[in-house]
Amino acid sequence: MPKRSTTIAVGAAAAVVVIGGAATAIALSGSGGAGDAGGEGTTVTVRLWDEQVEEAYEESFDAFEDQNPDIDVEIEHVAYADYFDKLRTDVAGGSADDIFWVNNSYFGAYADNGNLLNIDETLGAEAKQAWEPKVVEQFTRDGALWGVPQLTDAGIALYYNRALLDEAGITPEQLNALAWSPDAAQDTFLPVLQKLTKDAAGNTADAPGFDPDAIAQYGFNASNDLNAIYLQFIGSNGGTYQDGDEFTFDDPKSVEAFQYVVDLINEHHVAPSAADTNEDGDFARNQFLQGKMALFESGTYNLKNIADSADFDWGVALIPSGPAGRVSVTNGIVAAGNADTEHPEATAKVLEWLGSEEGNSFVGASGSAIPGVVSAQQTFRDYYADQGVDIAPFFDVIDGAETIPAPRGANYGAAFAVFKPILDEVFLGRTPVQEGLEQAVDASNEAIQ
Amino acid sequence: MGATLRRREAVTAYALLAPSLFGVVAFLVLPIFVVLWLAFQDWDLLAPLQFVGLDNFSSVLTDAQFGRSLLVTLLFVLLVIPVQTGLGLFAASLLTRGLPGSTILRTIYVLPWICAPLALGVVWKWIFAPTDGALNALLGFRVEWLSNPDLALPAVAAVTIWSQVGYVTLFFMAGLTSIPDMFLEAARIDGASPWQIFWRIKVPLLRPTTFFVLVTGIISSFQVFDTVYALTPNGGPQGSTDVIAARIYYEAFDSFDLGRASVMALVLLVILVGVTLLQQLYFRKRITYEQT
């Protein structure tokens, strides 16, 4: 009698194998699609990972189907944890959807391999003028655009807990003027974080009796978080993360930036221990939502969650500026067309709808994400204006400012898997910053080839 | 007449076997050959396959990280198997005494084994959490179980033992109840102590059960994936929980190097066949004490 977990373990080890078999089976059976492109009732499938946007899409596609009765749009939801594994095997097996979401880290491999529709050819080279320029730039590779911008994160900002700021006598306006610096004499950020960090006895982190082993309230979420934390520190110190596809975050300016963030955790104790945040990527957000963290640096991808779950008075301020100014990353997500679609015309029509103000506005109107179509973005601002939340800092931080490019590369996922554990050690303070970053950069550059 | 009947019976038998035979061939035999074939190819799932001869073998077999994975897996097996088998035998001998509540206990013991390991992993991750985790709250001091390279593997092994011990207990209980009473009575009449009865009579008579439990236990420990993946992704702190099945997964689905992953899967296959053969040889001679 085979044991359940044996079966599962065998299955895991044989996963490698099964996809081979599955690929063959699918190739043999044909993808069994829904009829001819010319006939009535062509079905176009759209795959994404975000549940909140999925709801907005349902409404959007209802409107589309009213205008295009001969096309039926179906949504397939795949959880983010499995999304890019499953997409890869499905593209390999020829069973991927007609349209699927990709992010900046993963689209490169598909674009290079010819799996994606060239949007400039499919919708015309002028189409992109309506879309968020930073997202268009991110998804342009070898001179062509490979997806229709659907969401943009705008920039990174500081969520704050108003009561905790009040207790420390700090105003949101003061937050907007803070500047971090590797030079302690110029650093106005750390002193504020120290005032916002308290131990169980109520001592703040700058008080002599402060007990770092019994922190009851954290000042800030310094952690091994690429998108929300260290890209901003690298950028605002004048360092670089990547040059093209090549990793460069061991340059002297980046080393200084990482050292500053790591010291916030292990030296100044104004952030949770890296053991907590390495093991649980949501640890910091949960502490903030429980009212145990004063400042939480993150993006609009946490906005809806915080707006729905925080039962205290909160707001959003600008991230601190650094020696090289205030620099944020900005990310986007696109809907890419499958180059092997059996219904190229219907797929192009759905892509055109997703890239239109009307089609994309449902996403913003529900507050779930900022639309990639620029003229549709007001719907998102309106939603939060109704909620009484000022979200301007997310936009102001990138408006007319320099940004640090988001991660990219054909094999980015492989590189990330390699450097994440190395950086975990750096943040735990077990590997010196300079040494760890050099290791991480070497290993990632080898992996991304 | 008789021959026709027999042929018809054979046809019926094969027809009845066909569904499970199809399953075995399609999902076990064929995939093994596919892996064997993939081991000689360079494939990232997107670009066309490329024949690379023995390149994957030489790169995997000289890879220090893969060597470490083998060592970690071996250490994991050594941590899990003795404890799991010992505890299973101990629990089984207590549960077969017919004490009140045994039936309920039996069910409780098996519960973790019937739960999905990935879900258990998530729950145990909460229990092990350094801040606000249940275990540290109970202990009263902070231990970073899953971030400490010396503790991560024992922690993962403990969760595995906890989830497997019910299964082992179940088999030892079946083995113990099938030992004929006459042996035990004879021993008692000869004045053997309970301790002697256990070691001299019961343990030797349990040999077939022990063989089965060890073989399946060792195989499943070598293949452990879900618990490790849920508790310590990306190989754990300093690669201390980078077991081989997880390494195969990362090679295939993070690095998208299906050729190298296939070579690793073959190495695992060879090790498991080897271990099973060795055990078979050891137990063959004295595997049963037939009741005559």
Side-chain angles (χ1 to χ4, degrees), chain A residues 1-25 82 84-85 88-89 91-93 109-110 112-115 213 215 272-276 278-280 283 286-287 290 410-411 413-418 420-422 424-425 428 430-431 447, chain B residues 26-28 30-32 34-35 37-38 43-47 113-114 116-118 125 128-131 142 144 146-148 163-164 167 216 219-220 222-227 229 232 234-239 244-246 248-258 261-262 264-265 268-269:
Chain A
M1 181 186 121
K3 198 159 34 129
R4 249 183 68 97
S5 57
T6 309
T7 323
I8 291 166
V10 172
V16 182
V17 190
V18 174
I19 32 146
T24 328
D82 307 323
F84 286 101
D85 289 353
R88 189 86 164 210
T89 51
V91 168
Y110 299 102
D112 292 359
N113 198 50
N115 300 110
D213 292 328
I215 302 179
S273 117
D276 286 310
N278 286 349
E279 284 175 26
D280 176 6
F283 182 85
N286 292 338
Q287 294 296 312
Q290 290 168 26
N411 221 350
F416 183 79
V418 168
K420 167 78 165 65
I422 302 177
D424 277 348
E425 294 291 315
L428 283 163
R430 294 201 289 232
T431 308
Chain B
F27 297 110
L28 208 70
L30 269 181
I32 288 178
V34 174
V35 165
W37 176 68
L38 275 177
W43 192 32
D44 68 355
L45 284 168
L46 292 181
W113 174 65
I114 59 172
L118 208 58
K125 193 156 185 164
F128 282 133
T131 299
R142 182 188 172 93
E144 293 172 353
L146 301 177
S147 290
N148 184 328
S163 70
Q164 301 287 336
Y167 163 81
T216 54
I219 289 176
S220 81
F222 263 105
Q223 294 173 330
V224 65
F225 174 73
D226 358 32
T227 317
Y229 182 72
T232 54
N234 289 316
Q238 299 171 8
I244 185 162
I248 293 173
Y249 173 83
Y250 299 132
E251 201 66 40
F253 294 110
D254 276 337
S255 303
F256 296 114
D257 197 334
L258 278 289
S262 300
M264 293 178 180
L268 181 60
L269 180 76

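Because the structure is a prediction, the values reported are computed rather than measured. Just so it is clear, the values below take in all heavy atoms, side chains as well, and ignore hydrogens, waters and symmetry mates. In what follows, every chain begins at residue 1, and chains take the letters A, B, ... in the order their sequences are listed.
For chain B, the nearby part of A/Asn115 is the side chain; its heavy atoms alone come within less than 4.5 Å. Proximity to chain A (any heavy atom under 4.5 Å) is shown, for B/Glu251, by neither the backbone nor the side chain. In this structure, chain B has heavy atoms under 4.5 Å from both the backbone and the side chain of A/Glu279. Both the backbone and the side chain of A/Ala109 come within contact range of chain B, with heavy atoms under 4.5 Å apart. Both the backbone and the side chain of B/Asp44 come within contact range of chain A, with heavy atoms under 4.5 Å apart. Contacts between A/Ala447 and chain B at a heavy-atom distance below 4.5 Å are absent for every atom of the residue.
A/Ile215 is linked by a side-chain contact (heavy atoms from CB on, under 4.5 Å) to A/Thr197, A/Phe210, A/Tyr218, A/His269, counting only residues two or more places apart in sequence or in another chain. For A/Asp276, the side-chain contact (heavy atoms from CB on, under 4.5 Å) partners at least two apart in sequence or on another chain are A/Ser273, A/Phe283, B/Pro130, B/Thr131, B/Arg142.
The candidate with the highest count of non-hydrogen atom pairs below 4.5 Å against chain A, out of B/Glu144, B/Met264, B/Gln238, is B/Gln238. For the set A/Gln287, A/Lys420, A/Arg88, the count of heavy-atom pairs under 4.5 angstrom toward chain B peaks at A/Arg88. Ranked by heavy-atom pairs under 4.5 Å with chain B, the list A/Ala414, A/Ala415, A/Pro272 is led by A/Ala414.
Of all heavy-atom pairs spanning A/Phe84 and B/Phe256, the tightest one is O-CZ, 4.3 Å. Minimum interatomic distance between B/Asn148 and A/Arg430 (heavy atoms only, all atoms of both residues): CA-NH1, 4.1 Å. Nearest heavy-atom pair, B/Phe253 versus A/Asp85, reported as atom, atom and distance to 0.1 Å: O-OD1, 3.3 Å.
Using modelled atom types, no side-chain atom of B/Asp254 and backbone atom of A/Ala417 make a donor-acceptor pair closer than 3.5 Å.
How far OG1 of B/Thr232 is from CG of A/Asn278: 12.5 Å, rounded to the nearest 0.5 Å.
Side-chain contact check for B/Leu45 versus A/Val91: every heavy-atom pair is 4.5 Å or farther apart.
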